Asker: 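The structure that follows is given in the form of structure tokens.
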Protein chains: 2
Amino acid sequence: MTVIFSKKCEYGMQAVLYLAAREKGTLVSADEISKVLKIPREFVSKILQSLRESGLISSSKGKSGGFSLAKSASRIKLIDVVAAIDGLDMFDSCVLGFQECSPTHPCPVHNTWGSLRTQTYDMLTSETIDKLKEKTLHKISSL
Amino acid sequence: MTVIFSKKCEYGMQAVLYLAAREKGTLVSADEISKVLKIPREFVSKILQSLRESGLISSSKGKSGGFSLAKSASRIKLIDVVAAIDGLDMFDSCVLGFQECSPTHPCPVHNTWGSLRTQTYDMLTSETIDKLKEKTLHKISSL
DNA sequence: ATTTAATCAGACATTTTTATCTGATTTTAT
DNA sequence: ATAAAATCAGATAAAAATGTCTGATTAAAT
Ligand code: SF4
Ligand code: SF4
């Protein structure tokens, strides 16, 4: 199986995007997120907990509790979710699995992959999640 | 953990590159590949077997047996290894893990990711492995 | 012929990832 | 007060990926 991000990370990004799209200070329950995004309830619940620990989102317990972004959507980027869940190792390691990637020990696809890595990083870094709001809403409405 | 290709696939690409670099019709043993590339012996052995089944490499049994490319290095590309081991699904699916990726249901990073996907595909498709020979040798000598 | 060194096939084991369960706690609404 | 609906913590389970073992077979070298 080929993968870029782990399931946890994918789900985490989806959830954060959903919070950003759904939010005007409203609390969103794990149950709602689970249903809308079609992610197993208990699993997304765990992911949300871990994102809370990372300080990206906040939660409130009790009836009518739920989750919301810990700060403004204009100050959160997808890379933050990746950093919190999968970490940023992929941006410093080898597609071919060789150890010690460096300009002095380049692998056969060094230059190309280096550029792609940078572009991927840029993709996750350049736009804050509020900018992705309409696209997210459109995507979600098609689920 | 963030990953692009599975370990099997990474090791498979390394092994095929090594065969291409090492080869002038010589047979290379799983043991040698294991030692040079620092891949667990029995594991790389299995991978080599599966690549043989896929027809990418061929083997001969018995003393002084081993593996070699099934066809000229100028007719093998890294994408062939990926196709044989991990499959090509990643080139048709979503970084954010949404189902039904399509232009009519784009995810928030659709355009950028589409382009990156294509570039990644190109990286694995544009050069045949004989072209990567010197780079491979240089990389391996540093292991 | 016998030994040696290799692939091969398939079972087995370990680790990591993904997912679920159980029960406790918190908070709101009635 | 009580019930309802939510998060939370930690254990457990299931599945997938990674890695190992055993013994059989094959073929070259002695
Ligand atoms: S740039 Fe090349 S050497 Fe460096 S990690 Fe990527 S593939 Fe490996
Ligand atoms: S292009 Fe966008 S919608 Fe399509 S798979 Fe990639 S991220 Fe998802």
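Just so we're on the same page: letters track the sequence lines, and every chain starts at 1. Computed from a predicted structure; not experimentally measured.
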Asker: Which of these nucleotides, C/dT7, D/dA28, D/dT20, is closest to any side-chain atom of B/P40?
Answerer: D/dT20

Asker: Which heavy atom of A/L132 sits nearest a heavy atom of B/P108, and at what distance?
Answerer: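 Answer, listing the atom of A/L132 first, then B/P108: CD2-O, 3.5 Å.
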
Asker: Of all residues at least two apart in sequence or in a different chain, which pass the side-chain contact (heavy atoms from CB on, under 4.5 Å) check with B/A84?
Answerer: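 Only B/L51, B/S54, B/L56 meet the side-chain contact (heavy atoms from CB on, under 4.5 Å) criterion with B/A84.
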
Asker: Whole angstroms only, please: what is the CD1-P distance between A/I47 and C/dT17?
Answerer: 13 Å

Asker: B/E32 CD to C/dA5 P: how many Å, rounded?
Answerer: 15 Å

Asker: Taking for each residue the nucleotide of DNA chain C with the nearest heavy atom, is it A/C9 or A/G62 whose nucleotide lies nearer the 5' end?
Answerer: A/C9

Asker: What is the distance, to the nearest angstrom, from the CZ atom on B/F67 to the C1' atom on D/dT26?
Answerer: 13 Å

Asker: Is it the case that the base of D/dG19 and the side chain of B/K8 share a donor-acceptor contact (distance under 3.5 Å, atom types as modelled)?
Answerer: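 Not at all, since no donor on one side and acceptor on the other fall under 3.5 Å apart.
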
Asker: Which whole-number value in Å describes the distance from B/L48 CG to C/dT7 P?
Answerer: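 So the two atoms are 8 Å apart, to the nearest Å.
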
Asker: Give B/S45 one of three labels, base, sugar-phosphate or nothing, depending on what nucleic acid heavy atoms sit under 4.0 Å from its own.
Answerer: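 It contacts nothing in the nucleic acid.
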
Asker: Closest to the A/S29 side chain: D/dA6, C/dT7, C/dT18?
Answerer: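 Nucleotide nearest to A/S29's side chain: D/dA6.
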
Asker: Taking only the side-chain nitrogens and oxygens of B/R52, find out if one of them lies under 4.0 Å from OP1 or OP2 of C/dC8.
Answerer: yes

Asker: Where the side chain of B/K63 is defined as all heavy atoms beyond and including C-beta, which of C/dT20, C/dA5, C/dA29 is the nearest nucleotide?
Answerer: C/dA5

Asker: Round to a whole Å and report the spacing from CD1 of B/I39 to C1' of D/dT20.
Answerer: 16 Å

Asker: In whole Å, what is the span from the CD atom of A/Q14 to the P atom of C/dT18?
Answerer: 13 Å

Asker: Closest to the B/S59 side chain: C/dA19, C/dT7, D/dT7?
Answerer: C/dT7

Asker: Ignoring the backbone of B/E42, work out which of C/dT20, C/dA19, D/dT20 is nearest its side chain.
Answerer: D/dT20

Asker: Compare the minimum distances between each of C/dA19, D/dA9, D/dC8 and the side chain of A/K61, then state the nucleotide with the smallest one.
Answerer: D/dC8

Asker: Can you measure A/F43 atom CZ to D/dT12 atom C1' for me and round it to whole angstrom units?
Answerer: 15 Å

Asker: Hey, are B/K7 and B/E10 close enough for a salt bridge, meaning a charged N less than 4.0 Å from a carboxylate O?
Answerer: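 Looking at B/K7 and B/E10, the cut-off is met.
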
Asker: Does the D/dA9 base have a donor-acceptor partner in the side chain of A/K46 within less than 3.5 Å?
Answerer: yes

Asker: With a 3.5 Å distance limit and no angle check, can you tell me whether B/R117 reaches the backbone of B/S93 through a side-chain donor-acceptor pair?
Answerer: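 Yes; judged by distance alone, with no hydrogens or angles, the pair exists.
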
Asker: Can you list the residues that meet the side-chain contact (heavy atoms from CB on, under 4.5 Å) rule with A/A73, with sequence neighbours excluded?
Answerer: A/A20, A/L69, A/I129, A/D130

Asker: Grab the CD-C1' distance between B/Q49 and D/dC21 for me, whole Å please.
Answerer: 14 Å

